[in-house]
Amino acid sequence: MKGEALIEVKKLYHDYDGQGSGIQGISLKIFRREFILVAGRNGSGKSTFFRHLNALLMPTSGEVIVNGISTRRNPISATKSVGLVFQDPDTQIVGETVFDDIAFGPENLKLSRKTIEERVKTALADLGLEDLRDRSPASLSGGEKRRLAIAGVMAMEPEVLVLDEPFSNLDHAGTLDLIACLEKFHHAGCTIVVATHEIEKVFTLATRMIILDRGRLVADESPPVLVKQLETFGVREPCASRFGLEIMPWAR
Amino acid sequence: MGQVNAFTYVESRAFINTLDVRYKLVCMSLLSLATLKASLPVLILITAMVLGVAANLRVRPVPLLSALKPFFLLLALVFISRSLTTPGETVLDVWGITATRQGAVAGSLVSWRFFLVMMLGIIFSRSTKPTGVKGAVQWFLRPVPFVDQARVAVMVSLFLRFLPMILLQASEVSQAQRSRCSALEKNPIKQMLNLSTPLLRKTFQSADQMADAMAARCYSDDRTDPEFFTSTCDTAALGVCLLIMAVSFLSS
């Protein structure tokens, strides 16, 4: 029994240019504690879809309901509930130190200084950034910046963590660290939605897989069910699956 | 790893970093005004103070001077123009163009003053977080009627956040063009257009992405304000700066 949907997307359309590009009639429900893997070709609408979940974009038609409230009616409520981590951490980081950047979100929520301190300390510990708290974000490595971007969102204590291409430009060690963080957040009860082209990295963690193609939802199943159909939608099938082997977890 | 330029805030235990931002802002303004009026002995005193604070902040001279190359070009132009236009005792006469001793002295003093003001700006931006500047601006504007302090403060902090980013991007674009032999292009207008077009595009894209990322973290004018802690050091620093300004104006 999945219970009540945390996010409900009803016939969502988003038209960028008046010619029907963007999102075309997506309907789905996202439940608590799910780990959803979103895949699809470049330009399939993954990033646009994510921006609707976070109320950064408003539907051309249709509706996105987060915690029972439409994003049209109360966008701030959706922004608080759904934490969005962008593809490029450089444009997401606004603070002059690691500590300040993580505090940015809680400050926007008008929390007290004491609560902000506590939340930042927790996020620093969760993402393994304690030793970097006074460093300038500009001096961090790619993996550290990515973890900082996630820490900045996690400090706002969202119910859903949405990550757009989190593994791009990460080295192997950075990728393993990030996967370990995602696994930890999921075990702690956070709902996670990840868009990636490198699906083998979170394949074993995902409880559900969604495939978008030209703005449409073309598949919504458990990952093992979809694995052999992936290349039909322009998504690379993991090597292990091609050779008939079991796909192994990537976490350390 | 990212780069940190001359204007980026750097976390440090230096004395200037511990000052209350409001006092620091007033001190810097007083010293800048004093610099513009100062006689030679006061100018030497201010220079010693500025170099002392810069050393305490661990500002490395070679990268700093290298970053300020275009500014030195401007100072050289100021020096030359003053040397050639101020009447007095001729020290150089080439093809009927004469440079005077009085002009060279006046040019040196003006360049020296501009350099000190620039150094004060660098010291301020390296030792002050933009969030602190925003808080201080908001605090100073509080008694002013009909001014939306929060909005003005946000604009100031965003400008301070963007200035180092634009400089970094200019450096990246310039390096990318030099790697494709842009130095072979001798036409300065074409060189400038080649640099400014991608730089402007990149800056607007970054501004757009950053606005989205800030909105995704519930950014608004109404946030938790930074706290100010005033100590006797702040009062002492303000007293010294007031004294220097008084001496400067009285001796001019």
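This is a predicted model, so every value here is computed, not measured. Note on naming: letters A, B, ... go to the chains in the order of the sequence lines (proteins, then strands), and numbering restarts at 1 for each one.
Residue contact with chain B, scored on non-hydrogen atoms closer than 4.5 Å, involves the side chain of Thr97(A) exclusively. If you measure heavy-atom distances from Asp222(B) to chain A, the contacts under 4.5 Å come from both the backbone and the side chain. Residue Pro158(A) does not touch chain B at all, counting heavy-atom pairs closer than 4.5 Å.
Distance check: Gln92(A) CD to Met214(B) CE gives 12.0 Å after rounding to the nearest 0.5 Å.
Your options are Asp88(A), Val153(A), Leu56(A), and the one with the most heavy-atom pairs under 4.5 Å with chain B is Leu56(A). The candidate with the highest count of non-hydrogen atom pairs below 4.5 Å against chain B, out of Leu84(A), Ile116(A), Ile76(A), Asn108(A), is Asn108(A). Ranking Val85(A), Asp101(A), Val82(A) against chain B, the residue ahead of the rest is Asp101(A), based on heavy-atom pairs under 4.5 Å.
Other residues, nucleotides and ligands place more than 12 heavy atoms under 6.0 Å from the NZ atom of Lys184(A). Annotation: Asp171(A), atom CG; neighbour count of heavy atoms from other residues, nucleotides and ligands within 6.0 Å is above 12. For Lys10(A), the NZ atom counts as loosely surrounded, since its 6.0 Å shell holds 12 or fewer non-hydrogen atoms of other residues, nucleotides or ligands. Heavy atoms of other residues, nucleotides or ligands lying less than 6.0 angstrom from OH of Tyr13(A) number 12 at most. Enclosure of atom CG in Leu193(B) by more than 12 non-hydrogen atoms of other residues, nucleotides or ligands within 6.0 angstrom is indicated. The neighbour count for Arg58(B) CZ, taken as heavy atoms of other residues, nucleotides or ligands under 6.0 Å away, does not exceed 12. Sparse packing is recorded around CZ of Phe114(B), with 12 or fewer heavy atoms of other residues, nucleotides or ligands lying under 6.0 Å away.
Here Asp134(A) does not pair with Arg13(B) in a salt bridge; the nearest charged N to carboxylate O distance is not below 4.0 Å.
In plain terms, the two heavy atoms of Phe86(A) and Ala216(B) that are nearest each other are CE1-CB, 3.7 Å.
Panel note: side chain Thr224(B), backbone Leu111(A); a donor-acceptor pair is recorded below 3.5 Å.
Between Arg217(B) and Phe104(A), the closest side-chain pair of non-hydrogen atoms falls below 4.5 Å. When side chains are defined from C-beta on, Leu109(A) counts as touching Cys218(B), because their heavy atoms get closer than 4.5 Å.
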